[in-house]
Asks: 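Quick one: the structure is below, questions incoming.
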Amino acid sequence: MSPESKVSSPSGAVASLSEREQFSAELERFEMKPLWLIYRDVLTKQPRAREVPFLWSWNVVRPLLLRAGGLITAAEAERRVLMFLNPGNPAQIGATATLYAAAQLILPGETARAHRHSPAALRFVIEGEGAYTCVEGEKIFMKPGDLVLTPAMVWHDHGNDGNEPVMWLDGLDIPLTAALNCMFLDEFPSLSQTESAPRERSEKLYGRALFPSETLAPAAKPYSPVWAYRWAEAREALACLAQGSAPDRFDGTILRYVNPANGGEVLPSMGCRLQLLRKGERMAAHRHTTSAVYHVAEGSGHSILDGIRFDWRKGDTFAVPIWLWHEHAAPTEDAVLFSVTDEPVLAPLGLLRSEPYPENGGFQAVRSVFQGSR
Ligand code: 1HN
């Protein structure tokens, strides 16, 4: 189109394209821009995530993590962590747009410095025993499958008093805190906190339906007073639920980790779930506005993520971005998936939305099988 072409709007306003371009260029000097140039790109009919579904195989991650153990000490690294980056948006630190995930290794005899920061964190132990996280002076020894919380601005350090490497999945709300520009870090005055609280205090005091009365006062913290959710107990609860009730059509037999003071999510920015897919179960597909990081806690199976089949087994971690069709199945054995979701962030904003897969009886056709890294 020639620069002289006239364009008009229903109101009768007429201008040449070049006049409009010149106008836009002029606006730049005043740090302004016409909305009409980007309106359709901003206000999309549906979420358009840059992030893609992806899986980090434990077969790949584990040897790399152990290699990192020979390359750098936990002290030198602060945290010996390999981050899981989403290939659709590698410049951002995160597995989804809101959730950061990573694998961390601590070797026997090592300690990781005490600090606190504004991003909230959780870990789910993958392998090894003898390591602890000290949260606000309470030393929590961790076993595989245990979930340990370190909410925003809570002092924490790690150590391994045992005789084997200990590895866990880290989940943090870093992409969110970074987007809010709300990053704070305090270093503890010494390397480690002194153990000032009895072992398992938070579990004994808040995890057993017997509360100090002030816990239920309105000023209660916005996160769970229980630092650790044990695998044995969670797994037992899941088995119990499976016996008494029909599985959810999309999620199978699923439990929420809750804040016992109010029944809400364990952290204001991250919710945790544990779901059982019984041998032979195939759940239907849906999509929702929450994104999630899944970690295979037990068994094997597959998920179909936007038409791609991702086969997974114990130790694997995979990302399901916002508004992505997904369905889970466990054809050959029982499987248990631990997951972290940003649901607590979306819910109070009124942004929760979900849709069942409308075609093919609710199941996706498999277009391809995920092959992993480049
Ligand atoms: C952190 O404090 C830990 O304490 C792990 O284990 C990962 C990633 C970014 C920032 C802080 C931890 C982290 C982190």
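Note that ligands are numbered from 1 as they come in the structure, with each ligand's atoms numbered from 1 the same way. As the structure is a computational prediction, the values presented were derived from the model and not from experiment. Hydrogens, waters and symmetry mates play no part in the numbers below; they use all other heavy atoms, side chains included.
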Asks: Under 4.0 Å between a Lys/Arg side-chain N and an Asp/Glu carboxylate O for Glu138 and Arg199?
Replies: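 No, no charged N to carboxylate O under 4.0 Å.
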Asks: With Phe318, which of Trp58, Phe370, Tyr294 fulfils ring-ring contact (aromatic ring centres under 6.0 Å, His included)?
Replies: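 It is Tyr294; the other options fail the test.
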Asks: List ligand 1 atoms under 4.0 Å from His156, heavy atoms only on the residue side.
Replies: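 Answer for ligand 1: 2 (O), 4 (O).
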Asks: Under 6.0 Å between the ring centres of His326 and His288?
Replies: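 Ring-ring flag for His326/His288: true, centres closer than 6.0 Å.
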Asks: Using a 4.0 Å cut-off to any heavy atom of Arg123, which atoms of ligand 1 qualify?
Replies: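 Answer for ligand 1: 6 (O), 12 (C).
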Asks: Considering heavy atoms of the protein only, find what lies nearest to atom 11 (C) of ligand 1 and give residue, atom and distance to 0.1 Å.
Replies: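 Its nearest protein heavy-atom neighbour is His117 NE2, 3.5 Å.
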Asks: Starting from atom 6 (O) of ligand 1, find the nearest protein heavy-atom neighbour and note its residue, name and distance.
Replies: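 Heavy-atom neighbour on the protein nearest atom 6 (O) of ligand 1: His158 NE2, 2.6 Å.
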Asks: Which ligand 1 atoms, with their elements, are less than 4.0 angstrom from a heavy-atom of Ile174?
Replies: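 Counting atoms of ligand 1 from 1, those under 4.0 Å from Ile174 are 8 (C), 9 (C), 10 (C).
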Asks: Please work out whether any backbone atom (N, CA, C, O) or any side-chain heavy atom from C-beta onward of Leu172 is under 4.0 Å from ligand 1, and answer side chain, backbone, both or neither.
Replies: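 The answer is the side chain of Leu172.
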Asks: What are the atoms of ligand 1, with element, lying closer than 4.0 Å to any heavy atom of His115?
Replies: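 Near His115, the atoms of ligand 1 are 1 (C), 2 (O), 4 (O).
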Asks: Ring centres under 6.0 Å, that's the criterion: do His295 and Trp168 meet it?
Replies: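 So the answer is no for these two rings.
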Asks: Of the protein's non-hydrogen atoms, which lies at the shortest distance from atom 8 (C) of ligand 1, and what is that distance?
Replies: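 Heavy-atom neighbour on the protein nearest atom 8 (C) of ligand 1: Tyr100 OH, 3.4 Å.
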Asks: Out of Arg80, Met83, Arg79, indicate the one that has the non-hydrogen atom closest to atom 12 (C) of ligand 1.
Replies: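 The nearest heavy atom belongs to Arg79.
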Asks: My understanding is that only one of His328, Arg309, Glu327 makes a side-chain hydrogen bond (donor to acceptor under 3.5 Å, both in side chains) with Ser303; could you say which?
Replies: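 The side-chain hydrogen bond (donor to acceptor under 3.5 Å, both in side chains) with Ser303 is passed solely by His328 among His328, Arg309, Glu327.
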Asks: Looking only at the side chains, is there a donor atom on one of His115 and Arg79 sitting less than 3.5 Å from an acceptor on the other?
Replies: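 Side-chain D/A pair, His115 to Arg79: present.
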Asks: Tyr223 pairs by side chain to side chain contact (heavy atoms under 4.5 Å, CB included) with which of Leu149, Val154, Asn259?
Replies: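 The single option meeting the side chain to side chain contact (heavy atoms under 4.5 Å, CB included) with Tyr223 is Val154.
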